[in-house]
Chemist: 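This is the structure I have questions about; it appears just below.
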Amino acid sequence: MRFRQVHLDFHTSEAIPNIGKHFSKQQFQEMLIQGYVDSITVFSKCHHGWAYHPTEANEIHPQLNFDLLGAMIEAAHEIDVKTPIYVSAGLDEKLARRHPEWLIRDINDNTNWQDGFMKPGYHQFCLNSPYLDLLVRQVEEVVRKYEGDGIFLDIVGVRQCYCHTCVRTLRDEGHDPRDSAAVVALGERVYAHYTKRIRDAIDAIKPGLPVFHNGGHIRRGRRDLSAMNTHLELESLPTGGWGYDHFPLSARYAQGLGMDYLGMTGKFHTTWGEFGGYKHPNALRYETSLSLANGARCSIGDQLHPEGLMDPATYVLIGKAYREVEQKEAWCSDVQAVADVALLSVEAIGASKEEKREDRSGSADAGAIRMLLEGKILFDVVDLESDYTRYKVLILPDDILVNSKLQTKLNAYLAQGGKILATGRSGLNEAGDAFAIDLGVVWEGPNPYKPDYFRPSFELNNLSNAAFIFYADGQRIRLTNGQELGRREYPYFNREVFTFCSHQHTPSAQQHDGPGMVESTNGIYLAWNVFSDYATKGSLALKECMLFALNRLLPNKTLITNMPAQGIVTLMEQPAHHRYINHLLYASPVKRGNGVEVIEDIVPIYDTQITLKLGKKAKQVYLAPQMEPLPFAVSEAGTDVSYNVPKLECHQMIVIEV
């Protein structure tokens with residue numbers, strides 16, 4: 001997998017004339033060179049359903065009179081640019097009008113993505129219909145006819161479908177279509193059957209050709225779904241609905257799967273299909289650097305104009321980011337993340353549920369990684385199959401109920417010296433009525449007050465001691481063998497029609513109403529859903545309480561720095577070269593318009609201090625790719641290295657050779 005990919009969309013209506021009229025091999029190549037592009041996903045079939053090449057398995061776009069796909073592949077290969085081939089799998093609008101009986105239907109018989117045919121937009125196909133046979137033939141044709149470097153299939157995943165075919169299948173198998181679990185189970189089988197059909201079809205022609213099935217999100221905890229691909233492409237356009245927190249969360253999980261992966265952003269100001277929309281060059285510089293810092297290669301989304309000319313402004317923009325990526329690649333391949341902490345993803349625990357396009361992060365997971373990033377904690381995101389023994393601390397965020405299998409695994413982790421940081425309902429048994437692991441407390445029931453207050457028995461870094469409002473659901477607990485680190489305080493009453501006070505909520509009655517944070521030999525427990533609370537409210541007190549707990553559990557954490565909260569720090573090991581790469585990033589997204597997060601200004605950060613406890617003696621430290629030596633100090637034992645980075649502008653790599 002190469003480092004500098006463009007994902008070139010071309011979803012083009014049959015009502016537009018002159019398709020590809022101005023395509024030029026020379027101009028296509030010039031734009032790729034100007035953009036420092038080394039791989040470009042080119043298109044066989046678009047969401048409108050048309051092929052962009054002569055075809056027997058599909059229909060060529062009615063306004064196209066030559067082999068546009070073949071011309072793009074030839075032009076790219078001539079300058080050593082790879083060409084994965086795009087096939088729209090889930091959408092085919094020309095066919096949707098001819099065979100609406102092949103479309104996904106919800107329980108009310110509505111279609112999706114659009115719920116009818118009198119609105120502009122696409123309609124998604126059911127892969128349990130005869131459409132699958134047609135799709136497989138289309139993939140076979142393009143694999144046989146063209147020397148593409150992979151196949152990218154779009155808009156697919158596990159779906160709940162109530163079309164007449166799926167309802168008949170369920171009833172023939174003795175299942176009730178009104179049972180949502182049976183519908184999801186059928187969706188699982190349909191998707192697995194589809195991916196196997198595609199893999200078998202490709203391997204019969206070109207064994208081992210790379211394949212990726214894109215659903216817009218890599219579902220944490222679904223290693224089986226990830227394994228249906230040869231590599232992963234983490235679609236994560238910060239301005240397109242994913243936000244800037246999604247990619248670190250997704251990448252920190254993907255890096256534990258043992259697969260190559262890339263981060264996919266877009267050149268658009270908003271999201272896919274935005275002609276004439278451009279983000280600031282600094283945003284692409286930051287987003288591609290964020291991929292590198294998380295062990296990923298890079299992909300930037302673009303959309304070709306219907307007449308076939310590549311947009312010069314786009315490739316100037318992309319080139320500003322990819323020129324830097326090219327200079328950094330030597331320190332970014334074959335790397336392994338270094339982490340002190342594992343975050344057990346809530347999504348991974350409930351991963352059998354259908355994928356939710358509108359909630360790709362999940363509030364508990366999103367709040368947790370935001371705290372970890374701001375606290376400069378080195379972490380991975382893990383699932384139930386991960387090896388926890390590699391980590392000093394395991395976080396169970398908000399809603400990790402413990403079954404017998406997980407209980408056994410957690411007890412083994414604790415027995416070998418690991419520590420757990422649990423919040424909210426995490427640590428309770430599957431029934432949710434008692435703790436399944438020993439956290440120094442007994443569960444007494446859900447907290448009847450919402451919100452209520454936490455008064456820590458320690459000082460926060462930036463706030464004087466007080467009773468801090470915690471908005472999220474909580475649990476009442478009683479000490480057994482734990483030490484109270486802070487107490488709960490109830491309000492006088494909940495806010496109701498006959499009992500309310502002031503504009504929002506009732507103040508604390510300033511009584512000790514039981515422990516709120518408890519430390520035991522196994523770790524620390526905080527009795528509210530603090531990570532979900534932070535995802536929605538962003539309260540400083542929430543973060544500082546949690547970082548106090550984490551730092552207490554990590555007396556010898558690997559990395560210490562004075563980097564500001566918005567900065568990102570990662571540490572990668574490159575074993576083959578006997579070196580570590582410390583990535584520092586800083587940019588500050590701001591909200592523009594209707595909630596679009598924009599990066600524009602890159603503010604330099606001066607005198608960033610870093611101390612790394614590597615357990616190995618540093619021989620040399622330098623800035624990359626500048627190759628400038630950096631003064632450093634080694635601890636008396638020779639296992640810690642400290643240095644100061646005089647200036648950070650967007651992204652800086654520091655290489656520590658050992």
Side-chain angles (χ1 to χ4, degrees), residues 5-32 35 37 39-79 81-99 120-123 125 131 134-155 214 267-268 272-276 301-312 314-315:
Q5 181 162 294
V6 161
H7 185 95
L8 190 63
D9 265 4
F10 196 65
H11 305 300
T12 307
S13 167
E14 60 277 8
I16 295 179
N18 302 319
I19 301 302
K21 177 181 179 181
H22 294 297
F23 176 82
S24 158
K25 176 195 282 190
Q26 179 181 351
Q27 198 259 357
F28 189 77
Q29 292 174 334
E30 287 173 352
M31 293 300 99
L32 296 180
V37 177
S39 178
I40 183 166
T41 302
V42 291
F43 38 87
S44 164
K45 174 192 171 188
C46 74
H47 290 344
H48 290 272
W50 303 111
Y52 295 91
H53 53 87
T55 176
E56 296 177 0
N58 195 3
E59 297 173 44
I60 192 168
H61 193 290
Q63 306 294 337
L64 177 67
N65 59 16
F66 71 102
D67 186 349
L68 179 55
L69 173 63
M72 289 188 294
I73 293 173
E74 178 184 345
H77 282 180
E78 203 171 88
I79 57 172
V81 173
K82 297 289 188 183
T83 56
I85 298 174
Y86 178 97
V87 176
S88 180
L91 305 175
D92 184 324
E93 193 57 21
K94 68 165 169 36
L95 202 61
R97 304 280 172 163
R98 301 172 189 173
H99 289 284
Y122 305 113
H123 303 82
F125 275 83
Y131 171 71
L134 188 151
L135 175 64
V136 170
R137 290 196 299 273
Q138 292 171 349
V139 172
E140 287 173 332
E141 180 182 65
V142 77
V143 171
R144 185 178 295 111
K145 289 178 61 175
Y146 296 96
E147 292 302 316
D149 298 295
I151 297 293
F152 183 104
L153 295 118
D154 205 8
I155 320 298
N214 184 48
K267 69 95 176 180
F268 317 104
W272 298 106
E274 184 186 44
F275 293 103
D302 180 28
Q303 184 155 338
L304 185 66
H305 187 273
E307 294 191 1
L309 276 177
M310 299 277 269
D311 177 37
T314 292
Y315 289 87

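All values below come from the heavy atoms of this structure, side chains included, with hydrogens, waters and symmetry mates left out.
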Chemist: Look at the aromatic rings of Phe23 and Phe66 and report parallel, tilted or perpendicular, splitting at 30° and 60°.
Modeler: tilted
Chemist: Apply the side chain to side chain contact (heavy atoms under 4.5 Å, CB included) test between Phe125 and each candidate in Leu95, Leu91, Leu135; give the one that qualifies.
Modeler: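 Result for side chain to side chain contact (heavy atoms under 4.5 Å, CB included) with Phe125: Leu95.
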Chemist: Can you check whether Asp92's main-chain N or O pairs, donor with acceptor, with Lys45's side chain at less than 3.5 Å?
Modeler: no
Chemist: Apply ring pair (Phe, Tyr, Trp, His ring centres under 6.0 Å) to Tyr146 and His77, showing your working.
Modeler: CA-CA 12 Å; Tyr146 296 96; His77 282 180; over 10 Å; no
Chemist: Considering the options His123, His11, His47, which one meets the side-chain hydrogen bond (donor to acceptor under 3.5 Å, both in side chains) requirement together with Glu93?
Modeler: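 By the side-chain hydrogen bond (donor to acceptor under 3.5 Å, both in side chains) criterion, Glu93 pairs with just one of His123, His11, His47: His123.
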Chemist: With heavy-atom distances below 4.5 Å as the criterion, would you say the side chains of Met31 and Thr314 are in contact?
Modeler: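 Met31 does not reach Thr314 side chain to side chain.
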Chemist: Would a distance-only check, ignoring hydrogens and angles, find a side-chain to backbone donor-acceptor pair under 3.5 Å from Gln29 to Ala75?
Modeler: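 Such a contact is found between Gln29 side chain and Ala75 backbone.
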Chemist: Return yes if some donor-acceptor pair links the side-chain N/O of Glu274 with the main-chain N/O of Phe268 below 3.5 Å, else return no.
Modeler: no
Chemist: Answer yes or no: is there a donor N or O on one side and an acceptor on the other, between the side chain of Asp311 and the main chain of His305, under 3.5 Å?
Modeler: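 Such a contact is absent between Asp311 side chain and His305 backbone.
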Chemist: Using a 3.5 Å distance criterion without hydrogens, assess whether the side chain of His99 forms a donor-acceptor pair with backbone atoms of Tyr131.
Modeler: no
Chemist: Please determine if Glu56 and Arg144 form a salt bridge, counting it only when a charged side-chain N lies under 4.0 Å from a carboxylate O.
Modeler: no
Chemist: Do Phe43 and Leu68 make a side-chain contact, defined as non-hydrogen atoms from C-beta onward lying under 4.5 Å apart?
Modeler: yes
